[in-house]
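One structure is given here, and the rest of the page talks about it.
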Protein chains: 2
Amino acid sequence: MRRFATIKDIASALNISVSTVSRALRDTYDVNASTRQAVLQKATELNYRPNFNAIGLVHNRTHNLGILLPEITNYYFSTLFTGIQEVAYKAGYNLTLFVTGNDAEREVDIVRNLSLSGLDGLLVSVSSQADSDQHFQEVIDNGVPVVFFDRVSENIHTSKVMQDDYNGAFEATVHLIKNGYGKIAHIAGPEGLTFTQARLNGYLDALRKHKLPVKPSWIVHSGFTQQHGEQDLEQLWERREKPDAIFAVNDRKAIGAILALKRKNIRIGKDVGVIGFTNDPVAAIVSPSLSTVAEPAFEIGKLSCELLLKHIHKKRFEPEQVTLPGKLIVRESSSRL
Amino acid sequence: MRRFATIKDIASALNISVSTVSRALRDTYDVNASTRQAVLQKATELNYRPNFNAIGLVHNRTHNLGILLPEITNYYFSTLFTGIQEVAYKAGYNLTLFVTGNDAEREVDIVRNLSLSGLDGLLVSVSSQADSDQHFQEVIDNGVPVVFFDRVSENIHTSKVMQDDYNGAFEATVHLIKNGYGKIAHIAGPEGLTFTQARLNGYLDALRKHKLPVKPSWIVHSGFTQQHGEQDLEQLWERREKPDAIFAVNDRKAIGAILALKRKNIRIGKDVGVIGFTNDPVAAIVSPSLSTVAEPAFEIGKLSCELLLKHIHKKRFEPEQVTLPGKLIVRESSSRL
DNA sequence: CTGTTTTTCGGTAACGTTCTCGGTGATTTT
DNA sequence: AAAATCACCGAGAACGTTACCGAAAAACAG
């Protein structure tokens, strides 16, 4: 049954004290080179592995970071994770991943029952603008640093890293306008989420700046999936006046819209322009290919993790807010040839 | 600084012993209902959270499971993870995720440095048929149960759960044959991986059974990405005799092939049939839509985790090998209308 | 009432590690 | 040669929790 060689085993095998072994195993100071050598050799011989529970107990740190995500089956969040893991791995931290499935209740449940003593810090993208962010505040109050990314919580004072949703949406909308589309609809995400609101605002301001009509009936809110995108488009097409372009809150919904338009035999690009947000690899694969605003998912992941590590290592580290720019990528779906 | 309420704080606040508090916090036995009540109340009042390091130290278990994946930015592995997490969450286990990026060296590095004492078990999909599986055997020898899934290691005696790659490939190939394609090529994965070999064998046996030519020049091996698929197809089209159908080892490569064929103005389905493997959501989105063999990723994840938990809980549990069937999904890319 | 069982609780060791504090000798300084 | 310094090592407490054992108090049996 589960039995590792411990520091004590090494000590008794070598007839020295555990303290000496402990020192030998870490820094070289205060221990003779030869005994140190003997300890190291015995350690590999016995296949010694440090017990992280014990170390965590005395140091009150575990080299474990928690990540809380709404979902993982998705290009954006999975590359984001890859970015996080990139810096965590180099820094010697392990990552414990929690996925809420966009369920706010589950989020609270997870955070409340979090084995906080097993985590040195927490990276989170909130599942929905929960009525209360109290559960995150509790974590912070317990002395565990939290960094928000992408879907951030506004009420909590801590580091956050986001992409520039407002400007991305603004540029996307302007791009449609410059390509001759004048009746631009917006297929949005659920109301209440910060970044959904930011993209909506970018869209609205672009319209206003170019003196284009803002029609509330051309703005429809729902979830983030492709199916939602299809439904939203059907809804738009029931309107008396139909739009001639669509700015979708993300690529999955944009693709849903494209599929629905194709079913109606509407020529995408020519009759109706479409642009998304994210730059999911599918955007390049789908036909016609989808214009979009590329999000720096990988960089956001890296940056968030670096920030969290700073919080952990410095005693007092002032929260930072970073906003990374997106990048307009023009493809067929928004080009009137 | 990081300071939680401990069991001792509760004890001294209530003027009782720590052992009593400890008992009250867990089972009801051996403790008076009223004191139990008082303890529970004080615990929430002080916002008590159990210290998992301490518990792990005395019990030698941590309620932490490790997952080792080649990648996560990918439909298959991310839904697989979701399946794992589904059962882990209900069982009260946390998941520590390690992604190797298909780097065999990194895999060894991760496994060797694994804080094994922090994990109750390990779920792994190997990154490549490493020259040696020694590092996994070491983990098992240390008493940490390991369950393989999807990409399994043949030399290690432990539980494994896979999909039926052979029969899936066989059916896919037969499907192409029945639809009138006679010159079927195979865009395979890297040589040496078990499941790559299984799909190749299914393909070969289907050809043989239907007395179709097996041409080595119609079988090309490379990586798993869409780019690889495009390159493989280009390579096939340099052959003297070109195939009229393609069975790809996965959907991403199949889509690469489709894109390359489209660039050549070859009508997919009519001129050349294409079928993939996985049932990535893109398969339904791409145009023409891609026929494929659906893999039960979510179920594989669930089953693997259940098996691992069995290994952890029973003292001696005989390794099980489970093979789940795939499901042929016919779409446009393989239909000669 | 006495003796026995049950209920409820406390003391203490243990888990594996680090850390602080001394304590040897040996070596150097004055 | 005494004093100070140095290199190296050990004892023991501490981290937060559980487990084992026994004791006091209460309940019960005769």
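Here is how names work: the chains are called A, B, and so on, in the same order as the sequence lines, proteins then strands, and each is numbered from 1.
- Between A:His63 atom NE2 and C:dT17 atom P there is a gap of 16 Å when expressed in whole angstrom units.
- For the pair A:Asn53 CG and D:dA14 P, the computed distance is 22 Å after rounding to whole Å.
- For the atom pair B:Gln137 CD and B:Gln134 CD, the distance stands at 6.5 Å (nearest 0.5 Å).
- When the C1' atom of D:dC9 is taken as reference, atom CG of A:Leu14 falls 13 Å away, rounded to whole Å.
- Ranked by how close their nearest DNA chain D nucleotide is to the 5' end, A:Val18 and A:Ala33 are led by A:Ala33.
- DNA chain C is contacted by both A:Val21 and B:Ala54; B:Ala54 maps to the nucleotide lying nearer its 5′ end (nearest heavy atom per residue).
- Look at NZ on B:Lys8: it is 9 Å from P on D:dT17, rounded to the nearest Å.
- When side chains are defined from C-beta on, A:Val146 does not count as touching A:Ile156, because their heavy atoms never get closer than 4.5 Å.
- OP1 or OP2 of C:dG10 sits under 4.0 Å from a side-chain N or O of B:Ser17.
- Here D:dT17 presents its P atom at 11 Å from CG of A:Asn60, a figure rounded to the nearest Å.
- One can place CD1 of A:Ile7 at 11 Å from P of C:dC19, the figure rounded to the nearest angstrom.
- Residue A:Arg36 contributes atom CZ, which lies 16 Å from atom C1' of D:dC9 at whole-angstrom precision.
- Closest approach to the B:Val31 side chain among D:dT17, C:dC9, C:dC19 is made by C:dC9 (side chain taken as heavy atoms from C-beta onward).
- For A:Ile55, counting side-chain heavy atoms from C-beta on, the closest listed nucleotide (D:dT18, D:dG16, C:dT17) is C:dT17.
- Among the nucleotides C:dG16, D:dT17, C:dC9, the one closest to any side-chain atom of B:Asn51 is D:dT17.
- Out of C:dG10, D:dC9, C:dT17, the shortest distance to the side chain of A:Thr20 is found at D:dC9.
- A salt bridge does not link B:Lys302 to B:Glu299: none of the charged side-chain nitrogens sits closer than 4.0 Å to a carboxylate oxygen.
- Here D:dG10 presents its P atom at 6 Å from CD1 of A:Ile16, a figure rounded to the nearest Å.
- For the pair A:Leu25 and B:Val58, both in contact range of DNA chain C, the more 5′-proximal nearest nucleotide belongs to B:Val58.
- Residue-level contact check: A:Asn32 touches the backbone only, with heavy atoms under 4.0 Å from sugar-phosphate atoms and none from bases.
- Classification of the B:Tyr93-B:His63 ring pair by plane angle, with boundaries at 30° and 60°, yields parallel.
- Side-chain atoms of A:Asp30 come within donor-acceptor range of the base of D:dC9, with a qualifying N/O pair under 3.5 Å.
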List the steps, then state whether side chain to side chain contact (heavy atoms under 4.5 Å, CB included) holds for A:Val111 with A:Phe136. CA-CA 7 Å; A:Val111 173; A:Phe136 292 121; 3.9 Å; yes

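- Contact annotation: B:Arg26 side-chain N/O to D:dA19 OP1/OP2 distance is under 4.0 Å.
- Within 3.5 Å, a donor on the side chain of B:Ser19 pairs with an acceptor on the base of C:dG11, or the reverse.
- Residue contacts shown for A:Arg23 include a base, since a base heavy atom lies under 4.0 Å away.
- The A:Thr35 side chain lies nearest to D:dC9 when the options are D:dT18, C:dT18, D:dC9.
- When the nucleotides D:dC9, D:dC15, C:dC9 are ranked by their closest atom to the side chain of A:Leu57, D:dC15 comes out on top.
- Donor-acceptor pairing under 3.5 Å is lacking for the side chains of A:Asn94 and B:Thr96.
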